[in-house]
Amino acid sequence: MLRLESTTRRSLILYGALLVLPTLIFGWLYWSELQKDFERDRQAIPEKALDDAHKIVARMNQRLENLLENESKRPFTHYAPLVSADVMGDDLVPLPTPLETSTNTPGVLGWFSFDPNGEVRTFVRQGIPNREHQRAEIQSMVQDFRTRKPVESSAHGLGSGVSSAFKNPALAIPLRDLALSLGKGDVECAECVQRCLPQLRDKTLQVGVSDFELTFYVDSDKRPIAIASRRVFKRGALDSELLQQPVPCLAPLEKGLSLKQGFVFDPQWLFKDLPWDIAQTVLDQDEELRTPPEALPIDSIGSLFAAIHIVRDLAFETYYPEDANYGRLEIVIDDERFEERVARQSQRFLSTGAMLLLTLGIGMTLLYRSVRRELDQAHRMQNFVAAVTHELRTPISTIRLHAEMLQDGWVDASKQSEYYDRIVRETLRLSTLVERVLEKSRLKENVTRPVAGDLNQHVLALKDDLVPTGDGKSDVVFQLEPKLPKAWLTAEGVGMIVSNLVENARKYAPPRDEPLVVRTRWNNGRVLLEVLDRGPGVPVGEREKIFEAFYRIGSEQTRTTTGTGLGLHLVRLHAETCGAEASVEDREHGGSVFRVAFRPAD
Ligand code: ADP
């Protein structure tokens with residue numbers, strides 16, 4: 001038995017070592033790898049946000065450069081109500097400035113031009129609602145801008161301020177265009193230029209034009225004002241021929257040429273449309289661009305990872321340091337969604353792991369049970385072989401001894417018949433054993449069919465056989481319930497069941513003061529056949545097992561009674577053949593009740 005126990009243990013250890021352990025190790029390795037990946041991704045979040053912020057700023061700068069480049073190409077003479085169409089000859093064809101007639105200039109609210117002493121001219125493109133209101137707005141913004149000290153420290157583009165104007169090559173501007181641009185811009189002015197045309201033909205003036213400078217500030221009305229401005233001034237002298245006689249349309253030039261012109265940015269475009277438009281192409285679905293919630297203190301922003309300061313990052317010059325922080329945008333990352341994803345993946349892994357462990361656990365239990373069953377079977381076979389050997393040895397040696405004595409003539413004639421009787425009895429014992437083994441395999445095949453029969457009648461038929469020989473006093477009493485319904489049974493089965501149970505009772509619970517009881521009764525819809533004794537009873541844990549083949553309580557060594565462990569198994573097999581159930585329970589005031597419950601046939 002000890003060897004069998006260790007076999008069970010060994011097979012379980014093997015199962016654990018080959019299946020459970022590798023699964024646990026791989027599971028643990030995979031889990032720690034998964035956690036490392038999550039950590040790496042978590043750390044990459046701020047880096048990615050910073051990277052994306054740089055990308056957004058770079059693309060905004062690119063778009064701004066494009067806008068400035070396009071605006072730089074605009075001749076400064078276009079900053080006037082009337083411009084001259086590009087025609088040769090003596091005719092002047094004055095046209096309204098393209099600044100007013102153009103329809104698509106995203107990012108620009110309007111243009112302006114002024115000289116230090118003159119008026120501010122503003123231009124607003126066509127087709128926008130409230131055009132005059134916008135013109136007035138721009139007018140007031142530029143008036144305000146004009147009063148401010150120029151910011152000359154640095155500039156967007158190549159050079160800075162006036163110096164950049166000197167770096168840029170001087171432009172030769174036709175005097176005809178210049179005269180029209182500097183004039184009042186009315187019909188009178190156009191006529192004046194027309195009259196002067198013969199003198200102005202083919203004459204030009206060298207003019208310097210600086211790069212655009214970007215300036216930003218918040219004015220006293222809290223309006224954000226973003227302006228690109230450049231300077232225009234005379235770099236050459238007027239043709240000496242011209243100076244000999246007065247040319248009325250060039251009168252404005254007499255005071256010199258010093259203009260400041262440029263355009264006012266559309267704040268909606270600069271601070272909203274542009275960054276959001278770019279963000280759409282740069283940010284992924286977990287990132288979001290937002291204006292900081294002003295009401296919230298900075299530490300409650302939570303998942304902020306990178307900031308963009310439009311004014312500072314696009315290199316606008318400011319008058320006040322705090323203006324440099326204007327247009328702050330934040331890239332926030334929805335790390336909740338990331339954490340959710342982490343939780344989801346972890347959960348998926350854990351549930352798969354749990355399923356796997358459950359499967360392994362079930363496998364282990366099944367393996368344990370199957371090994372146990374096999375071991376029990378082997379154990380019973382071992383017991384059976386021991387029992388059969390023992391059972392065979394005694395009758396065979398008795399038969400041999402008696403037969404040899406008879407053969408050698410050692411037995412008196414008077415005793416000879418007793419010896420022959422003994423030989424026959426032992427032979428019967430042997431054949432019973434063999435019969436039982438054969439009966440077991442026959443019953444297993446289940447060939448007999450039950451019939452509806454009277455149980456009492458079958459039990460009464462056995463009465464004579466159950467009364468022991470000897471003094472003829474019976475140790476069995478019969479209590480048969482009259483009018484018992486018919487039950488499904490076989491005569492052979494009832495005979496075998498009763499004789500086996502009585503035989504067992506005599507063996508394991510020999511009747512002393514009280515006889516054994518063979519009882520039939522009707523209970524709970526079943527026809528019961530019971531054998532009651534006053535023996536030691538059967539422990540609860542053994543009540544199922546004793547009906548199994550070759551099972552005997554205790555070990556073969558400790559058992560004093562002879563037997564094969566087949567008796568009760570045959571009882572169960574016979575009961576099953578009839579569709580009945582065999583069981584055992586404690587008898588009141590000591591002993592056991594062995595019961596077979598038959599199905600009623602009516
Ligand atoms: P066997 O009698 O050949 O050992 P059985 O199958 O008839 O085999 O009995 C199985 C076991 O049940 C016996 O070994 C015995 O320990 C127990 N047993 C059977 N009948 C009784 C009884 N009336 N009282 C107590 N134990 C019993």
Side-chain angles (χ1 to χ4, degrees), residues 1 376-377 379-395 426 428-444 462 466 468 475-479 493-519 528-577 580-596:
M1 192 60 187
D376 280 356
Q377 187 68 21
H379 182 224
R380 277 200 294 277
M381 274 308 280
Q382 229 176 27
N383 273 355
F384 171 68
V385 172
V388 168
T389 321
H390 183 259
E391 283 288 288
L392 287 175
R393 197 182 293 137
T394 327
E426 292 304 319
L428 271 176
R429 200 170 144 191
L430 274 179
S431 70
T432 312
L433 179 68
V434 174
E435 277 304 316
R436 283 191 167 184
V437 176
L438 292 178
E439 197 179 356
K440 171 181 155 54
S441 43
R442 187 174 56 81
L443 282 170
K444 274 274 177 207
L462 299 165
L466 293 177
D475 56 353
V476 186
V477 292
F478 290 85
Q479 296 174 359
V494 174
M496 197 281 162
I497 291 169
V498 175
S499 57
N500 246 314
L501 292 180
V502 170
E503 194 185 307
N504 270 356
R506 282 182 179 142
K507 201 154 60 168
Y508 301 109
R512 279 182 212 102
D513 312 329
E514 218 178 301
L516 306 170
V517 179
V518 176
R519 185 163 80 178
L528 305 183
L529 167 62
E530 294 171 333
V531 175
L532 300 85
D533 63 46
R534 285 288 176 206
V538 179
V540 179
E542 307 277 6
R543 284 182 192 168
E544 257 309 299
K545 291 184 186 159
I546 55 171
F547 288 98
E548 289 171 15
F550 309 121
Y551 189 84
R552 307 195 71 212
I553 299 177
S555 80
E556 214 44 56
Q557 285 76 28
T558 59
R559 247 177 257 122
T560 50
T561 48
T562 56
T564 52
L566 270 179
L568 287 179
H569 184 60
L570 289 178
V571 168
R572 168 162 283 179
L573 289 183
H574 273 292
E576 279 171 1
T577 313
E581 285 146 24
S583 61
V584 62
E585 63 181 48
D586 282 339
R587 186 182 178 186
E588 222 176 301
H589 309 302
S592 330
V593 180
F594 281 85
R595 175 178 302 136
V596 178

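One is the number of the first residue; the rest follow in order along the sequence. First listed ligand is number 1; within each ligand, the first listed atom is number 1.
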_Could you tell me, atom by atom, which parts of ligand 1 come under 4.0 Å of a heavy atom of R552?_
1 (P), 4 (O), 14 (O)

*Under 4.0 angstrom from ligand 1, any heavy atom of G535?*
no

_Going by the closest heavy atom to atom 17 (C) of ligand 1, which one wins out of L566, I553, V531, V571?_
I553

*Within-4.5 Å side-chain heavy-atom neighbours: H574 and E439*: yes

*Indicate, as side chain, backbone, both or neither, the part of D533 found under 4.0 angstrom from ligand 1 when only non-hydrogen atoms are considered.*
side chain

*To the nearest 0.5 Å, how far apart are CZ in R587 and CD in E514?*
5.0 Å

*Nitrogen or oxygen of G565 less than 3.5 angstrom from that of ligand 1*: yes

*Given side chains that start at C-beta, do those of N504 and F594 come closer than 4.5 Å, heavy atoms only?*
no

*Are side-chain heavy atoms of D533 and S592 found at a separation under 4.5 Å?*
yes

*N or O contact, Y508 vs ligand 1, cut-off under 3.5 Å*: yes

*Measure the CD-CD distance between E548 and E542 for me, rounded to the nearest 0.5 Å.*
10.0 Å

*With a cut-off of 4.0 Å, which atoms of ligand 1 are near a heavy atom of Y551?*
10 (C)

*Look at atom CD of E544 and say whether more than 12 heavy atoms of other residues, nucleotides or ligands are closer to it than 6.0 Å.*
no

_Under the side-chain contact (heavy atoms from CB on, under 4.5 Å) test against V584, which residue among I546, L501, L568, V571 passes?_
I546

*Flag L568 as yes when one of its N or O atoms lies below 3.5 Å from any N or O atom of ligand 1, and as no otherwise.*
yes

*Compute the minimum heavy-atom distance from E542 to ligand 1 and say whether it is under 4.0 Å.*
no

